[in-house]
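Before any comments, here is the structure.
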Amino acid sequence: MQSSMDVETVSSQTQNEPGPLPPKPLFEPLKAHEMSDGRVQFRKVNVPPHRYSPLKKVWMDIYTPIFEQMKIDIRMNLKARRVELKTRADTPDISNLQKCADFVHAFMLGFDVIDAIALLRLDELYVESFEIKDVKTLRGEHLSRAIGRLSGKGGKTKFAIENATKTRIVIADTKIHILGSFANIKIARDSLCSLILGSPAGKVYSKLRAVTARLAERF
Amino acid sequence: MATKSEASLNLDLDLLHRLKSTEPPVWLAPRAELSETARKASKIIFSYLRTYAPKSPLDQLLIEGFDAEQIWQQIDLQSQPLLSSLKREVKKFEKKPEEIGKIREVLEGEKKVVESVGKVLEGERRVLAEESDDFDEDLDDGLDDDDEEEEEEEGSEGEEEKKGKGGAEGGIEDEFLKINELQEYLEEDEAREYGLKKDSNDSRKKGGRRVLDNEEDEDEDEEDEDEEELGVFGDSDDNEEEDEHRQKLENAGYEDFFGSKRKKAPKKNLKSIEELEEDSGLDDEEDEDEAVETKKNDNLSTHEKQSEQLRAEIEKMEKANLDPKTWTMQGEVTAAQRPKNSALEVDLDFQHNVRPAPVITEEFTASLEEMIKKRIIEGQFDDVEKAASLPSKAPRELKELDENKSKKGLAEVYEEEYVQKTNPAAAPLTFSDEQKKEASMLFKKLCLKLDALSHFHFTPKPVIEDMSIQANVPALAMEEIAPVAVSDAAMLAPEEVFAGRGDVKEEAELTKAERKRRRASKKRKFKAEATKRMTAKKARDNTLLNDNDGKEE
């Protein structure tokens, strides 16, 4: 096309010197479909066995927003036990696919659909995972006690941190996943680490209060 | 006489035995029985010795109603002459030991006395046999007695003196005390005493001095006592010796008393001694001084006398000026520059820069207590009150940590946050805002009630009409507890229930004519509506046709 364009301009120039230049070509942004030279893009998300039945329960809640609003094809590969995502022809943005993949992945980690949906709606949300042994090597009873400390009685410590920092936390045995914005993840992570290291919950609460008040003041 | 003396002697011995047998610590506390025995013993010994001292003014020792000092004085009065005579006797025996044997022969009658008493008082005899210096010491001890041990001392002293004397001589008129020998002895002694001091100071013969306070005069005192004894002895006993002594006194000149004119220091001491003494010797001196002065003044006229006096005064004053000043006039004087204890004698005046300590009297404490009571009643304690700290900043709103699972999804949370950021007005009320609203509502209600109660000119606020569903149910049915009074105020008004004319009939009740009438009215209404519709439709069609016509053209 370029070559053809050049020819046109040259010819025009040769024909009429003071003639008006042709308008600049406007290229529409590439659709997801056309990217990578028209090939379809895939994402595959494994389903861990403990999330299989929950997935079955909330499948429609996952399917609907992805298919309707994100315009991504989604299907469950039962044999391989994975969720597969594919771009469609009318997918508006290439990042949709990644967002949907993240959304599904978050669900697999253990987050609720209503919480994971935020990933679809907001750009700046991330999921951070770490293990207890990354913070401090604990064995046996100490490990169990640390996990208990993290959750608190009836999960109240975990909820307190979630509400104060506007994050969602999933404690899966020794793995911890945090969903939220970058700064909030940091605060939540600090609180959780101090709990792992042995601080009493009251101390963590007071720190949380101070930090969140400061954060709120900024806005 | 012998039996009497023996009887009395036995009594004596009894008493003395008792006195001697008492334990020394017993003497420390005053005891009536001991003092009685001591007094009786002293009395008996006194009367016994009376025979040896015929010149003593007292016949017997007076005990009743006399205190220790007075008894002692009585004993002293008797014993002084006895002591001096004893001393002489001892000295005589020193030189001529063969005399002692004579005593024994003469005093056969009193041998018993000597021996018996000797058994009791062996130690004391030995003391007496020693030299005169020891005797002086004893005398000094006797003179320096304290009142505590006075009775004991008195008794023992009395014994000592009397027994010593009793042992040495039977009577003054006897052979031992030969007057010639005495005189010789005196002369010798005087020569010895005065020979030593002739060159230095001949004026040191003052009678009856017992000044022991001056340290400088201690040695002097002992010597004085020696002389004094001699002097006393001279006064009381021997006239010849007295005369010689008197002659010396009479011939004493200015130099004897005041020495050479240059020596002022020792004269001062003598002057002080003069002031303090009070005995017979003083009279002699004064007489002497006056005699000297009158001799000078007789030959001069009055004018000359006056001029002499003036000159003497002038000289005195000039001398005083030339001399170094007294320490009180010397300005700053340290303790080393003034004589000892001289600051006590001078009346010093200096400023006290310290406020004197308050005298604590009853009134003072009473006034204090009054004040304290008043303060307590008032409650005015002058306590330190803590200054209320001003609030510098408004207290921060503490965000409550919600420990329950949040009902909103994360997306909704962020959504709310976003809305609040961009459009604060449209943002849904936060929990704290709702609480604030509720609180303000409550407060308004409360204020309304309070205003109604407190103001005379109370105007109620206009009622804001609120839409609310009113159930057509009497109030009784709404309330759970049995009400005191039933009110149907909340019920609907009759016109609200039914608005219309009274004659309402059901379908079944209608007569045929009424049924027909109703049907006719219904038909009429229907027809009217139908015609209206038709006319409206026609109007529309006409307008359309007109338009079309317009268009076609």
Side-chain angles (χ1 to χ4, degrees), chain A residues 61 65 69 103 106-107 111-127 151-170 178-181 183-185 188 191 201-202 204-219, chain B residues 384-447 464 466-469 480:
Chain A
D61 292 330
Q69 288 154 19
F103 164 55
F107 178 78
F111 292 101
D112 272 342
V113 179
I114 42 173
D115 298 331
I117 275 267
L119 279 166
L120 289 180
R121 297 174 71 176
L122 291 157
D123 268 347
E124 303 91 22
L125 296 186
Y126 304 96
V127 175
S151 326
K153 201 170 197 174
K156 64 177 185 149
T157 314
K158 187 173 82 108
F159 294 138
I161 298 174
E162 282 183 4
N163 292 328
T165 58
K166 293 205 249 316
T167 55
R168 291 291 175 262
I169 301 171
V170 164
I178 309 172
L179 166 70
S181 66
N184 292 340
I185 281 175
S191 312
V204 172
Y205 284 2
S206 54
K207 270 196 188 157
L208 265 179
R209 265 195 227 105
V211 173
T212 48
R214 231 186 304 132
L215 270 180
E217 261 182 19
R218 235 183 275 161
F219 306 111
Chain B
V384 176
E385 283 170 24
K386 193 175 177 184
S389 59
L390 295 167
S392 54
K393 282 192 275 185
R396 267 195 199 171
E397 268 188 38
L398 278 176
K399 197 174 172 186
E400 284 279 325
L401 276 177
D402 191 16
E403 282 176 349
N404 304 316
K405 190 177 166 105
S406 70
K407 288 151 198 130
K408 297 182 249 176
L410 195 63
E412 281 148 15
V413 168
Y414 279 107
E415 184 190 332
E416 268 177 26
E417 207 187 309
Y418 177 75
V419 165
Q420 206 164 35
K421 247 194 279 180
T422 52
N423 196 2
L429 289 170
T430 59
F431 183 64
S432 61
D433 289 340
E434 282 169 10
Q435 278 185 323
K436 280 183 194 168
K437 237 191 177 178
E438 195 185 334
S440 64
M441 282 300 296
L442 284 170
F443 188 64
K444 274 185 189 162
K445 281 187 193 165
L446 179 68
C447 279
I464 301 162
D466 236 5
M467 284 241 295
S468 66
I469 301 160
E480 287 140 29

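Every chain is numbered from 1, with letters handed out A, B, ... down the list of sequences.
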Q: Please look at A:Leu179 and chain B and tell me whether the side chain, the backbone, both or neither of the residue comes under 4.5 angstrom of a heavy atom of that chain.
A: both
**Q.** Nearest atoms (heavy-atom pairs only) where A:Phe159 meets B:Glu403
**A.** CB-O, 3.5 Å
Q | Atom pair OG1 (A:Thr167) and CG (B:Leu410), whose distance is rounded to the nearest 0.5 Å | A | 7.5 Å
Q) Relative to chain A, which of B:Glu412, B:Glu415, B:Lys405 shows the most heavy atom pairs under 4.5 Å? A) B:Lys405
**Q.** Heavy-atom closest pair, residues A:Arg168 and B:Ser406
**A.** NH2-OG, 2.7 Å
Q | Interface moiety of A:Ser181 toward chain B, non-hydrogen atoms closer than 4.5 Å | A | both
Q. Are the side chain of B:Asp402 and the backbone of A:Asn163 linked by a donor-acceptor contact shorter than 3.5 Å?
A. no
Q. Hey, is CD on B:Glu416 packed in by over 12 heavy atoms from elsewhere, all under 6.0 Å?
A. yes
Q. What are the two closest heavy atoms between B:Ala411 and A:Arg121, and how far apart are they?
A. CB-NH1, 4.0 Å
Q | Contacting moiety of A:Asp112, where chain B heavy atoms sit under 4.5 Å | A | side chain
Q. Heavy-atom distance under 4.5 Å between the side chains of B:Tyr414 and A:Leu125, does that happen here?
A. yes
